[in-house]
Amino acid sequence: MEITNNQLLRFTTAGSVDDGKSTLIGRLLYDSKSIFEDQLEAIESTSKQKGHDGVDLALFTDGLRDEREQGITIDVAYRYFTTPKRKFIIADTPGHIQYTRNMVTGASTANAAIILVDARHGVIEQTKRHAFIASLLRIPHVIVCINKMDLVDFQEETYNKILKQFEEFSSKLLITDIRFIPISALKGDNVVHRSENMPWYQGGPLLHTLETMHISSDINKVDARFPVQTVLRPQREGFIDYRGYAGRMASGVLRKGDQITVMPSGFTSVIKSIDGPSGELKEAFAPMSVSITLEDDIDISRGDMIVRSNNQPEGLQDLEVMLCWLNNSPAKPRAKYSIRHTSNEQKAMIKEIIYKIDINTLARKTDDNEIGMNDICKVRIRTTKPLMVDSYRENRVTGSIILVDEGTNETVAAGMIV
């Protein structure tokens, strides 16, 4: 099957400090010739100023001044590059414990996670933490890159030992597709080109793996969910009676003539037409942005959801949610927050903290009721009106929420509906 360059793969990188995440991304961009000449010149001159012999590849992503001065990644850096086979968006996330929230942010929309392991240190606590977050966020594909193989003389025994360590731990996690690649980001072994130093490794290099990974099935194609973002009433010649409901398909497929139900009102109708940017379409599927018209005049507004009549989400006011706290200020007990779910916004409060997860041991703490920055916990949330939800396991779009502080308008938490 020929892969055409129309698929977008989002991937995130995770690993402990100094595992070489930024260097790996720099190597990917550098060896796949995805860097503009002026960028390359600027980085070459900065590398010389810092006294490096060659190009400091980490500088391609560490764009903040503090990051460059300290030699660490602080915030999520997004980079876009393309090859003849695919388009990519990379989220380079920090490795420090105190930036767990940044990893959650960068990984929330990823198809794949690259977890870096230092070949000298093997699977450490931070590796387990990142694998757990990848599992929690239901990232479908995980690539474990065992980096710095040049510092262990490219030994196959070291690679096999780490592979076994990771497999023992990951058997408890919900990750369906795990692959292992021995690499040297600094030297370029198995990143874009196959390594001559590791003839014992029979798999493809990292870029080939990313280009050929099957991601079409990552999106839920069964449950048709269309959250309405706005109502289109052009009121101009040729469109005097046009009333379209515009939004982005969250999952599934809708076709002209489908029997639909509008949630939460429960009114039913039939799809009259589906319009895209280039004209009328026969069908719409995730993640397309379209406008849908119906055979009947129904009162529909932003926050409503158009679904197939024979396949409806649950309308729930009491939600059990895995929450990652993103804010400096701790969660206030029974405080009111604004909850955002697809295009819907309601008021909500945290009713109960069921347990907190000790990110280091993955143990559940049931006696700790304080939620602070970077904490991950399971909570019960009560909303003022029902939200049309699926579990996050089945649908990453309709199964996710964010909480917003109404006073400051800051996003304080991101959650996955259980």
Side-chain angles (χ1 to χ4, degrees), residues 10-17 19-22 24-25 72-78 89-118 123-145 147 165-180 218 320-327 354-365 371-379 391-393 395-397 399-403 411-418:
R10 293 170 179 268
F11 67 91
T12 181
T13 58
S16 191
V17 182
D19 275 351
K21 297 182 299 299
S22 299
L24 173 63
I25 292 171
I72 61 167
T73 304
I74 294 172
D75 204 354
V76 184
Y78 292 96
I89 293 176
I90 316 166
D92 180 22
T93 62
H96 293 64
I97 259 184
Q98 67 264 41
Y99 299 126
T100 301
R101 61 177 184 162
N102 302 56
M103 188 198 160
V104 169
T105 307
S108 58
T109 55
N111 302 92
I114 295 175
I115 296 177
L116 265 87
V117 178
D118 189 320
V123 172
I124 58 170
E125 215 171 71
Q126 194 72 327
T127 315
K128 294 179 179 180
R129 182 179 298 115
H130 289 143
F132 169 71
I133 292 171
S135 161
L136 185 70
L137 290 168
R138 296 286 192 276
I139 297 176
H141 313 279
V142 169
I143 303 168
V144 181
C145 284
N147 191 22
Q165 275 180 343
F166 194 93
E167 281 185 333
E168 276 172 14
F169 167 74
S170 64
S171 61
K172 306 173 199 139
L173 302 176
L174 296 162
I175 304 172
T176 47
D177 176 24
I178 303 179
R179 306 167 193 218
F180 297 87
D218 293 353
E320 285 198 0
V321 178
M322 290 299 297
L323 209 61
C324 176
W325 199 257
L326 309 174
N327 201 261
I354 301 167
Y355 59 77
K356 257 170 73 168
I357 288 173
D358 183 325
I359 286 279
N360 301 323
T361 62
L362 306 188
R364 296 176 177 185
K365 299 190 283 187
I371 307 179
M373 166 97 93
N374 296 318
D375 280 344
I376 292 176
C377 50
K378 188 177 184 181
V379 300
S391 76
Y392 186 82
R393 181 181 298 163
N395 197 322
R396 283 173 81 187
V397 180
S400 56
I401 57 113
I402 60 168
L403 294 181
T411 300
V412 293
M416 293 135 275
I417 297 162
V418 180

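All of these numbers come straight from a predicted model, not from anything done at the bench. This chain uses plain numbering: 1 for the first residue, then up along the sequence.
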Determine, stepwise, if the pair Ile371 / Val379 fulfils side chain to side chain contact (heavy atoms under 4.5 Å, CB included). CA-CA 10 Å; Ile371 307 179; Val379 300; 4.1 Å; yes
Apply the test side chain to side chain contact (heavy atoms under 4.5 Å, CB included) to residues Ile133 and Ile376: give CA-CA distance (whole Å), side-chain angles for both, the deciding distance (0.1 Å), then the verdict. CA-CA 9 Å; Ile133 292 171; Ile376 292 176; 4.3 Å; yes
Dump the intermediate steps for side chain to side chain contact (heavy atoms under 4.5 Å, CB included) on Ile25 and Thr13, then the final yes or no. CA-CA 9 Å; Ile25 292 171; Thr13 58; 3.8 Å; yes
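Between Tyr355 and Ile357, the closest heavy-atom pair is CE1-CG1, 3.9 Å. Val104 and Cys324 make their closest contact through CG2-SG, 3.8 Å (heavy atoms, listed as atom of the first residue, atom of the second, distance). Contact between Leu174 and Arg393 at its shortest, heavy atoms only, is CD1-NH2, 4.3 Å. Pairing each heavy atom of Phe166 with each of Ile115, the nearest pair is CZ-CD1, 4.4 Å. Between Thr176 and Pro140, the shortest heavy-atom distance links the atoms OG1-O, 3.4 Å. Residues Ala14 and His130 come closest through the heavy atom pair CB-CG, 3.7 Å.
Residues Ile89 and Thr109 fail the side-chain proximity criterion, which asks for heavy atoms closer than 4.5 Å. With contacts defined as side-chain heavy-atom distances shorter than 4.5 Å, the pair Ile139/Thr12 qualifies. Between Asp218 and His141, some side-chain heavy-atom pair lies under the 4.5 Å cut-off. A heavy-atom distance below 4.5 Å is not found between the side chains of Phe11 and Ile143.
Considering CE of Met322 and CD1 of Ile354, their distance stands at 9.0 Å, rounded to 0.5 Å. In this structure, NZ on Lys128 lies 14.5 Å from OG on Ser135, to the nearest 0.5 angstrom. In this structure, the separation between CE on Met416 and CZ on Arg138 is 9.5 Å, given to the nearest 0.5 Å. Atom CG of Leu403 is separated from atom CD1 of Ile401 by 4.5 Å, given to the nearest 0.5 angstrom. Annotation: the span from Lys21 atom NZ to Ile114 atom CD1 amounts to 12.0 Å, rounded to 0.5 Å. In this structure, CE in Met373 is found 7.0 Å from CG in Asn327, a value given to the nearest 0.5 Å.
Between the Arg396 side chain and the Leu137 main chain, a donor and an acceptor come within less than 3.5 Å of each other.
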